[in-house]
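Residues: numbered from 1 along the sequence shown.
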Amino acid sequence: MSQLLLRGRVLTFTDAPKAIDDTASYSYFEDGAVLIENGRVARVGDHATLAPLAGPQAQIVDHRPHLILPGFIDTHLHFPQTQAIASYGAQLLEWLNTYIFVEEQKFASSAHADFIAGRFMDELLRNGTTSAVAYCSVHPESVDAYFAAAEKRNMLMIGGKVMMDRNAPEGLRDTAQTGYDETKALIAKWHGRGRAHYAISPRFAITSTPEQMEMSRVLVREHPECVQTHLSENRDEVAYATSLYPAAKDYTDIYAGYDLLGKKMLLGHCIYLSDREIAVLAETGSVAVFCPTSNLFLGSGLFDRDRFQKLGARFSVATDVGGGTSFSMLETMAEAYKVLHVQGQRLSPFASYYMMTLGNARALGLEDRIGSLHAGADADITVLDSRAKPAMELRMRTATTLAEELFILQTMGDDRSVAEVYVGGKPMKSRLDKHPAADPARSAADLQIA
């Protein structure tokens, strides 16, 4: 039996915090430890209690004074847009046509897809993200590259080929039938293989004909595990989508009309929704995905979290790279705080870390595997250094509470604040540091789990 004992200040959530002083929503061990056996969490608690349980062959890593948390989870991003991040001067529809559709056509090449997939996974790990939900391009080659790169790193990743049969360049269009056939084949190839989970991915109503939406309905009926699309990100998008489906009551009703809504549906953005639409999401259990850096960068608008909570609708949080400006969930939550603050809404530090971990795991229905440090969970772990930058170290001299420290990390932190990342109990970020990403010839096999 392989054993690993991590020592440090351990924080893991058991429920959504109701307030900044809701200590019942999390477990915190000042001198804590996580005992890992064969890639799974065996025990979490005080170091004095767990240390005697480690066998003589156990590896012991002392991360004090750093914080040990579950690995971060990102519920919406686009792996083919990795090199299109920071593209200047356009809102959603113009940005797609000017930059994104050009970039995504490159993924017909397996070599290009393989290279970007490796860099994409490394960037997630560098920022403390151990699981994510991503859109691939329309090309099956991109899906193969995505899941192969995740498999080499043993990461639990969700993703799928975008289905789009209109309003896109010829090199990015499939048909209703080929979209169905290719998705079926990719599900058979990847879903449930190792830690891979497939997501049926009609891009959004604008790029899918009614015939393709009907095929999406069939796919979701046959494979209800996970489905993702976009909803109400931009005012022009809303007007265009509803003009293409004039019989629908509103944008949400397009997806409802094809039976796509449900507990496994992830809907990116959801900014311009009526109360009726949010109520439909609540009734179906569908998940709105809050993407703050993207919504600000593309000038899309502000996500109204309080209205979702009032109407009982579920939501998660995500980076949305490459509309989003960072792979860092810490930086994403810094912007989430500002988006909500400007609307008179509060986001406590504890709520932020809950959303990045257990909250997002619950949104995916994977809380038994990821998102918290409980016995039997996969040992996907992020270690945070709240003094990683000189300005952070100086600020930390005045911090007196855990809430202050978490907020400093959220507000000032980035990939430099991630001291180590474990995937299935194996250290990953330190391996990245030994194999600098600046070398484009570096093989993803360098990081393959032994």
Side-chain angles (χ1 to χ4, degrees), residues 71-84 100 103-104 106-108 110 112-125 127 129-164 172 174 179 182-204 207 216 219-220 223-230 260 264-268 287 289 291 316 318-324 327 329 360-361 363-366 369-370 380 423 444:
F72 296 149
I73 302 166
D74 189 340
T75 56
H76 179 111
L77 70 171
H78 296 257
F79 123 72
Q81 297 177 19
T82 300
Q83 284 188 296
I100 300 308
E103 188 68 24
E104 290 191 4
K106 299 176 184 177
F107 285 77
S110 294
H112 181 76
D114 288 343
F115 171 65
I116 297 299
R119 293 293 294 269
F120 174 84
M121 299 297 168
D122 290 352
E123 204 58 41
L124 291 175
L125 292 170
N127 284 279
T129 297
T130 53
S131 290
V133 187
Y135 292 78
C136 302
S137 73
V138 74
H139 314 99
E141 294 88 348
S142 74
V143 181
D144 289 339
Y146 173 83
F147 282 121
E151 188 172 67
K152 287 175 180 175
R153 294 157 179 80
N154 194 34
M155 296 169 70
L156 191 161
M157 296 292 288
I158 303 170
K161 155 198 154 62
V162 292
M163 300 163 62
M164 42 197 299
L172 286 183
D174 53 15
E182 289 172 350
T183 297
K184 286 280 285 185
L186 290 164
I187 291 171
K189 182 175 183 178
W190 289 108
H191 185 71
R193 173 171 154 178
R195 304 183 76 195
H197 295 252
Y198 199 90
I200 297 163
S201 307
R203 189 180 201 123
F204 64 155
T207 51
S216 298
L219 282 166
V220 170
H223 304 280
E225 293 86 0
C226 184
V227 58
Q228 61 179 346
T229 192
H230 296 78
L260 298 182
K264 293 295 186 177
M265 168 59 99
L266 301 171
L267 295 155
V287 178
V289 186
C291 303
S316 64
T319 63
D320 192 33
V321 168
F327 281 87
M329 291 298 292
N360 275 357
L364 301 176
L366 292 172
R369 298 284 305 280
I370 57 176
D380 295 347
V423 172

Notebook entry, point to check: In Å and rounded to the nearest 0.5 Å, what is the CG to CG distance from L260 to L219?
Noted result: 9.5 Å
Notebook entry, point to check: Does I187 reach the side chain of I200, with side-chain heavy atoms less than 4.5 Å apart?
Noted result: yes
Check: Closest heavy-atom contact between S137 and E104?
Finding: CB-O, 4.1 Å
Check: What closest approach, in Å, do A113 and S142 show between heavy atoms, and which atom pair accounts for it?
Finding: CB-CA, 4.1 Å
Notebook entry, point to check: Is T229 reaching over with its side chain to a backbone N or O of R203, donor-acceptor style, under 3.5 angstrom?
Noted result: yes
Note to self: I want to check something: taking the side chain as every heavy atom from C-beta on, are T183 and H223 in contact at a cut-off of under 4.5 Å?
What the structure shows: no
Notebook entry, point to check: Are any of the side-chain heavy atoms of L172 and H139 separated by less than 4.5 Å?
Noted result: yes
Check: Would a line drawn from the ring center of H230 to the ring center of H78 be shorter than 6.0 Å?
Finding: yes
Notebook entry, point to check: Of the non-hydrogen atoms in I370 and A361, which two are nearest, and what is the gap between them?
Noted result: O-CB, 3.3 Å
Notebook entry, point to check: When rounded to the nearest 0.5 angstrom, what distance separates CE in M329 from OG1 in T75?
Noted result: 6.5 Å
Notebook entry, point to check: Is there a side-chain contact between H76 and Y135 (heavy atoms, below 4.5 Å)?
Noted result: yes
Next item on the list: Determine, stepwise, if the pair I158 / L266 fulfils side chain to side chain contact (heavy atoms under 4.5 Å, CB included).
Entry: CA-CA 12 Å; I158 303 170; L266 301 171; over 6 Å; no
Next item on the list: Could you tell me whether the side chain of R153 and the main chain of A149 form a donor-acceptor pair under 3.5 Å?
Entry: yes
Check: Between R369 and D380, is there a side-chain N and carboxylate O pair less than 4.0 Å apart?
Finding: no
Check: How about T129 and F327: do any of their side-chain heavy atoms sit closer than 4.5 Å?
Finding: no
Item checked: Taking every non-hydrogen atom, the tightest pair across D174 and V138 -> OD2-CG2, 3.8 Å
Notebook entry, point to check: Taking the side chain as C-beta and beyond, is there a heavy-atom pair between E151 and W190 under 4.5 Å?
Noted result: yes
Next item on the list: Would you name the heavy atoms of F147 and A196 that are closest together and state the gap between them?
Entry: CD2-CB, 3.6 Å
Notebook entry, point to check: So how far is it from E103 CD to T82 OG1, rounded to the nearest 0.5 Å?
Noted result: 8.5 Å
Notebook entry, point to check: Where do Y198 and K161 come nearest, in terms of heavy atoms and distance?
Noted result: OH-N, 3.0 Å
Margin query: Could you check whether any side-chain heavy atom of L364 comes within less than 4.5 Å of a side-chain heavy atom of C226, counting everything from C-beta outward?
Written below: no
